[in-house]
2 protein chains.
Amino acid sequence: MPRKPQDENTPSKESVRARSPTMADIARLAGVSASTVSRSLAGLPEISEETRIRVERAAQEAGYKINRHARSLRLQRSAILLVLIPDLANQNYSDLLMNIDRAAFELGYGIMIGHTNVDLERPDRLADELFTGGIDGILLTSGYCPARIRSRIENGSRLPVVRTMSPTEAGSGIASVQIDEVEAAADVVRHLIANGHRRIAHLAGPMTELVSQLRRDGWRRALAEAGLPEGQDLLLPGGFHLEDGKAVARRLIAAGTLPDAIFCGNDESAFGLMTELKRSGVRIPNDIAVAGFDDLTFSQVFDPPLTTVRLPRREMAEASVLYLKQMIEGGASLEDQIVPHELIIRESSGPGSPHRDRS
Amino acid sequence: MPRKPQDENTPSKESVRARSPTMADIARLAGVSASTVSRSLAGLPEISEETRIRVERAAQEAGYKINRHARSLRLQRSAILLVLIPDLANQNYSDLLMNIDRAAFELGYGIMIGHTNVDLERPDRLADELFTGGIDGILLTSGYCPARIRSRIENGSRLPVVRTMSPTEAGSGIASVQIDEVEAAADVVRHLIANGHRRIAHLAGPMTELVSQLRRDGWRRALAEAGLPEGQDLLLPGGFHLEDGKAVARRLIAAGTLPDAIFCGNDESAFGLMTELKRSGVRIPNDIAVAGFDDLTFSQVFDPPLTTVRLPRREMAEASVLYLKQMIEGGASLEDQIVPHELIIRESSGPGSPHRDRS
DNA sequence: TTGTAGGCGTTATCAC
DNA sequence: GTGATAACGCCTACAA
């Protein structure tokens with residue numbers, strides 16, 4: 001026998017880790033068999049009303065909670081999703097995560113998180129659990145995709161994997177829920193143009209990331225539509241962090257000439273840019289207009305409040321979790337989705353007349 | 001027999017969900033028994049070197065991954081911690097969570113998260129898993145503690161539950177890792193005093209939360225030390241959100257008279273306060289000094305950069321996870337801990353001379 | 001409508 | 001040093 005019945009020699013007060021009741025215990029209490037308990041609690045229709053009530057009462061009184069591991073082992077599904085996130089310090093992702101968690105919960109799933117920028121090996125290891133029943137599906141939120149997952153997808157396996165937030169290349173085979181990055185970026189630039197700006201620069205993210213390329217393409221699209229020049233000096237290589245924005249600002253100041261407006265690849269770099277510009281006495285939007293992309297909480301209290309694109313994080317979270325659920329459970333399958341974005345116009349992109357009201 | 005051997009009638013190409021190899025498979029491949037595989041992979045010393053190598057090679061080639069649920073069921077422990085978090089949109093918590101996740105991973109644990117402000121019932125339900133082996137311990141980050149957990153702790157049960165970030169009342173029986181909130185708050189106010197400010201107000205958080213009371217107490221302590229008046233009009237009832245800060249600012253403006261400085265209960269409310277003050281033409285720190293508490297990412301790029309207390313989130317995360325691990329595994333037990341805080345001095349708390357350098 | 005039995009994948013005890 | 005075996009708690013095909 002692999003285990004002593006129940007270490008009776010330490011009955012002290014109340015065992016620190018008292019065994020919690022199992023279905024067998026409830027069965028005994030209710031005077032039925034364990035299978036009847038299982039069926040009752042599962043709400044199967046074949047159970048008589050009287051039995052169901054007796055079982056439920058017994059379970060209630062004993063404080064019965066189902067054992068997740070036993071259930072998962074038996075059913076070969078865990079009702080847990082793995083969410084791969086690059087950086088929780090980025091509010092874009094933490095807010096998305098919160099909404100994913102909520103949406104997953106409402107659909108009967110829990111989540112585990114894997115940080116991809118902290119340790120690239122780790123999400124790979126976590127992703128392996130997809131093959132051992134540890135997790136039922138994977139939600140990607142960055143461009144990163146674990147090697148073993150990607151290779152299987154490329155081999156045609158239809159794994160329950162969905163990407164949201166970060167754009168997915170067409171034809172990659174990964175299901176996706178995203179916004180139209182190019183159009184969203186173009187919308188920002190069109191707004192700057194409508195405000196009277198002509199020389200509109202773009203502080204771009206790292207070109208190794210698809211999202212940076214797409215936002216740059218949107219900027220180009222809007223310029224082309226308006227017949228404005230793109231001039232190589234207007235494409236400012238930057239990045240997505242505060243420091244990147246600061247660095248670009250310093251470079252502009254040093255060069256001695258400013259464009260009319262700058263469309264930044266995201267809000268965070270816009271904060272860095274504006275902070276450094278202001279430090280040098282440049283007034284926003286009077287001397288130069290600035291716009292970002294993301295709509296973080298602080299974009300509205302920055303001085304000046306930042307014009308930006310609101311990422312529909314909640315909508316993307318809900319749609320992507322639902323999509324993933326469908327892939328897992330195999331019911332009526334959804335399709336890849338484009339979620340509408342929204343341009344948020346604030347003071348930073350103002351027309352730049354020196355005597356504007358600050359109502 | 002509860003299950004058909006392996007649905008042989010759909011051998012199509014490659015089963016969408018091919019069964020992943022188990023220990024029995026590896027045993028067959030290596031020509032040993034399943035127990036030997038288990039012992040080999042666990043690194044038990046009684047296995048011969050030759051056998052261990054054969055097993056490891058077989059596992060490698062077959063791409064064997066252990067099944068988390070089977071293991072947890074057998075061992076009665078999951079190596080998963082539940083982290084209860086009130087709000088991931090608050091960078092304080094998302095940053096803490098990131099560090100908790102990292103620390104947990106390095107100690108061999110995974111985490112699940114439960115939002116407590118979204119749905120108060122949910123964390124309670126998740127916490128129940130502590131009693132069915134679903135999770136091994138709970139990390140509390142807010143004042144909230146699930147009812148069933150609290151009642152057991154009050155009854156003297158020594159559950160693996162640790163609170164960090166949010167202060168714990170003395171004698172509550174909950175293990176804790178925290179900063180000295182009162183001293184940290186007093187440090188901020190002492191700094192304001194040292195900068196020459198006399199009438200120092202406090203924008204307080206909700207008094208239903210212990211943390212608000214403690215920071216207010218620190219404010220009082222510093223004032224008392226310096227023999228400064230506390231004046232009832234200097235205690236400004238507010239809250240921890242942007243809107244609370246804005247509301248207080250509007251009240252101050254309407255009242256027509258400003259204190260020399262305001263110590264805000266946290267950074268976010270300070271942002272709201274400053275934004276609204278600036279909108280009314282008040283200059284910071286020239287007309288009024290402001291300080292906060294938390295040190296968020298944007299506190300350094302706010303205009304002006306905000307003087308605040310850096311919460312040692314990483315240190316708290318690491319210490320609390322380690323503490324929890326010790327409680328779970330029962331080894332040499334740690335003690336409740338006070339983690340050192342750090343005052344971050346930036347421009348917002350300047351002495352207020354109208355012609356200060358902005359070097 | 002309910003009970004019996006077998007097994008999900010792992011680990012620990014016992015015997016060799 | 002290794003193998004057979006039972007058991008963790010649950011679900012379900014089959015029998016009654």
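Since the structure is predicted, the reported quantities are computational estimates derived from the model, not experimental observations.
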Legend entry - Rounded interatomic separation in angstrom, taking CG from B/D128 and C1' from D/dG9: 17 Å

Legend entry - Shortest non-hydrogen separation from B/I113 to B/R122 and the atoms involved: O-NH2, 3.7 Å

Legend entry - Sorted by number, the residues of residues 44-56 of chain A with heavy-atom contact under 4.0 Å to DNA chain C: A/E46, A/I47, A/S48, A/T51

Inset, instruction - Would you verify whether the NZ or CZ of B/R148 falls within 45 degrees of the ring axis of B/F131 while also being under 6.0 Å from that six-membered ring's centre? - result: no

Legend entry - Phosphate-side-chain proximity, A/R39 and C/dT1, N/O vs OP1/OP2 below 4.0 Å: no

Inset, instruction - Take the protein atom CZ of A/R68 and the nucleotide atom P of C/dG9, then report the distance between them rounded to whole Å. - result: 19 Å

Legend entry - Short side-chain N/O contact from A/Q76 to OP1 or OP2 of D/dC11, under 4.0 Å: no

Legend entry - ring pair (Phe, Tyr, Trp, His ring centres under 6.0 Å) partners of residues 40-69 of chain B, not counting sequence neighbours, each pair once: A/H69-B/H69

Legend entry - Spacing of B/I26 atom CD1 relative to C/dT11 atom C1', expressed in whole Å: 16 Å

Inset, instruction - Ignoring backbone atoms, establish whether A/S33 has a side-chain N or O less than 4.0 Å from OP1 or OP2 of C/dG3. - result: yes

Legend entry - End axis versus end axis in the helix from C/dT1-D/dA16 to C/dC16-D/dG1, the angle rounded to 10°, five pairs used at each terminus: 40°

Inset, instruction - Go through D/dG3, D/dC10, C/dT10 for me and flag the one nearest to the B/S35 side chain. - result: D/dG3

Inset, instruction - Let me know the distance between CG of B/L75 and P of C/dT11, rounded to the nearest Å. - result: 6 Å

Inset, instruction - Could you tell me which residues satisfy salt bridge (Lys or Arg N to Asp or Glu O under 4.0 Å) with A/R71, sequence neighbours excluded, listed by chain and number? - result: none

Inset, instruction - Please report, rounded to the nearest Å, how far the P atom of D/dC8 is from the CG atom of B/N67. - result: 18 Å

Inset, instruction - Return the value, rounded to whole Å, for the distance between atom CZ of A/R28 and atom C1' of C/dT2. - result: 18 Å

Legend entry - Base of C/dA12 paired with side chain of B/S38 (donor-acceptor, under 3.5 Å): no

Inset, instruction - Not counting sequence neighbours, list each pair that qualifies as a salt bridge (Lys or Arg N to Asp or Glu O under 4.0 Å) and has a residue in residues 323-334 of chain A. - result: A/K325-A/E329

Inset, instruction - Salt-bridge test for B/E50 and B/R54: reply yes if a basic N is under 4.0 Å from a carboxylate O, no otherwise. - result: yes

Legend entry - B/D128/B/R125 salt bridge by N-O under 4.0 Å criterion: no

Legend entry - Sequence-distant partners of B/R68, salt bridge (Lys or Arg N to Asp or Glu O under 4.0 Å), two or more places apart: A/E129

Inset, instruction - For C/dA12, take OP1 and OP2 only and decide whether either is under 4.0 Å from a side-chain N or O of B/R74. - result: no

Legend entry - Spacing between B/L73 atom CG and D/dC10 atom C1', to the nearest angstrom: 8 Å

Legend entry - B/E106 bridged to B/R102 by N-O distance under 4.0 Å: no

Inset, instruction - Report the distance from atom NZ of A/K65 to atom C1' of D/dC8, rounded to the nearest whole Å. - result: 21 Å

